[in-house]
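See below for the structure under consideration.
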Amino acid sequence: MKIKYELIKEEKNTQARLGKIKTNYGEYMTPMFMPVGTLATVKTLSPEELKNVNAGIILSNTYHLSIRPGEDVVMHAGGLHKFMNWNGPILTDSGGYQVFSLADKDNIKEEGVYFKNHLNGDKLFLSSEKSIEIQNKLDSDIAMSFDECIGYPAEYDYVKQSVERTLRWAKRGKDVFNNDNQSLFGIVQGGIYPDLREYCAKELVKMDFDGYSIGGTSVGEDKPTMYDMVSMSTKYLPKDKVRYLMGVGDPIDIIENVMRGVDIFDCVSPTRLARHGHAYTKYGKINLKNSKYKEDFTPIEDCDCYACKNYTKSYIRHLITSNETLGARLLSIHNIRFLIRLTEDLRNAIKNDNIIEYKKEFERNYYGKENK
RNA sequence: GCGAGAUUGGUGAAGUGGUUAACACGCCGGAUUGUGGCUCCGGUAUGCGUGGGUUCGAUUCCCACAUCUCGCC
């Protein structure tokens with residue numbers, strides 16, 4: 001089936017929305033946070049551990065899986081869910097972000113993008129049609145259109161022609177898309193330019209996608225600019241479809257963008273920060289590698305996750321500084337749980353129409369002096 | 001006991017009669033937003049075994065002492 005979004009409630013004072021999405025693998029409330037599992041694994045976590053932090057949809061990647069093990073391997077395994085033993089919904093990114101992070105601008109052509117395989121240097125080609133075909137074989141629940149994620153700063157003229165091309169790619173992908181068991185999202189680009197965001201969003205809506213993403217943010221711009229980019233995108237998206245802000249993020253960014261009408265987020269931060277020894281806490285991000293935690297025999301914080309229920313900062317610090325994988329795993333569990341719990345709290349705030357107060361309180365703690 | 005060589009941060013070490021004593025590791029911090037776990041960026045010896053001497057100036061040259069290593073008795 002296609003995913004279905006049901007708008008349950010709009011918050012009184014902001015554009016925040018409480019919703020529910022129905023998928024092939026159950027129903028989930030939004031706003032929600034999707035852990036990133038690029039290579040068919042949320043790094044260091046087992047599916048059981050993901051369930052235990054109350055994860056809903058997880059994200060995986062077309063480009064990476066196509067290189068290794070190859071989409072045919074995944075297909076022969078019976079699809080991504082069976083392959084990785086995840087019986088929840090999966091969204092696959094199209095490889096569009098890799099256009100931004102891995103390809104040379106000169107290699108972005110109308111027909112598609114020429115990459116150098118980041119593992120062995122092999123020449124690779126990814127196009128709108130090919131991305132859809134791969135995602136089809138991977139058998140994700142939600143596929144993304146192939147787009148160009150534009151960096152910042154970018155000249156108006158470049159962004160304009162890039163948006164036009166992204167729209168043509170979206171159309172081409174949709175034309176070859178033929179799978180009643182998978183949904184397809186369009187991606188709003190347009191950089192920092194309001195008229196291009198508007199144009200892109202409206203054109204995508206005309207094509208009638210199953211959901212809409214906002215891309216091209218968090219690529220070097222400052223926070224107010226990023227929030228504006230989101231506002232000028234959600235403004236033109238239909239209320240009866242889900243909105244997904246790609247690659248964000250940071251706890252404060254999640255709150256800010258929920259207030260701008262975003263339903264779904266994903267970000268590598270919780271797991272990447274974990275691998276580098278950082279933990280989110282109510283009182284801000286902490287670095288467990290700091291020597292002050294050497295003999296801190298208390299949990300990371302008052303939290304319901306497995307790491308906080310069973311381990312101390314001192315022990316996790318020891319694991320991280322010793323490069324033991326359990327350290328990264330415990331911190332990943334905590335950080336993902338932190339962001340998922342944040343979205344749970346935001347859902348309550350929407351129900352109670354007090355999201356502005358919630359944000360103020362959150363920021364007071366997060367940026368406060370306590371525990372620093 | 002005699003002879004030779006050595007002694008520079010937490011570690012391995014480079015180096016020079018004249019501004020801030022190289023580099024690496026470690027350590028101490030920081031970064032990380034549609035994932036390369038890679039990585040990146042800062043900081044880290046007021047000091048060159050100890051005490052004298054030569055010199056305008058010594059970690060560098062000279063002397064004594066201490067300690068270490070290797071050889072000989």
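Since this is a predicted model, take the numbers as computed values, not measurements. Chain letters run A, B, ... following the sequence lines, proteins first and then strands; every chain starts at 1.
Nucleotides of RNA chain B nearest to A/Ser291 and A/Gly37 differ in position, and the one nearer the 5' end is that of A/Ser291.
Contact of A/Lys223 with B/U33 (side chain to base): a donor-acceptor pair of N or O atoms is detected under 3.5 Å. Contact of A/Asp253 with B/U33 (side chain to base): a donor-acceptor pair of N or O atoms is detected under 3.5 Å. At a cut-off of 3.5 angstrom, counting only N and O atoms as typed in the model, there is no donor on one side facing an acceptor on the other between the side-chain of A/Ser269 and the base of B/U33.
In this structure, A/Asp147 reaches the bases: a heavy-atom distance under 4.0 Å links it to at least one base atom across the strands shown. Within 4.0 Å of A/Ile187, counting heavy atoms only, lies at least one base atom of the nucleic acid.
Rounded to an integer number of Å, the gap from CZ of A/Arg275 to C1' of B/C40 is 15 Å. Rounded to an integer number of Å, the gap from A/Met229 CE to B/G34 P is 14 Å. Taking atom CG of A/Leu331 as the reference point, atom C1' of B/U32 lies 15 Å away to the nearest angstrom.
A/Lys130 meets the side-chain hydrogen bond (donor to acceptor under 3.5 Å, both in side chains) test with no other residue; sequence neighbours excluded.
At B/G30, one or more side-chain N or O atoms of A/Asn290 fall inside 4.0 Å of OP1 or OP2 (strictly under the cut-off).
RNA chain B forms stems at B:1-7 with B:66-72, B:10-12 with B:23-25, B:26-31 with B:39-44, B:49-53 with B:61-65, each a run of 3 or more consecutive Watson-Crick or G-U wobble pairs whose two key distances fall under 3.5 Å.
Here the straight-line distance linking atom OH of A/Tyr63 with atom CG of A/Leu39 works out to 10.5 Å at 0.5 Å rounding.
Note that A/Lys174 lies outside the cation-pi zone of A/Trp169, set by a 6.0 Å cut-off to the ring centre and a 45° limit from the axis.
Residues A/Asp266 and A/Tyr244 bring a donor and an acceptor atom of their side chains to less than 3.5 Å of each other.
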Pick out the pairs of N or O atoms, protein on one side and nucleotides 9-11 of chain B on the other, that lie under 3.5 Å.
none

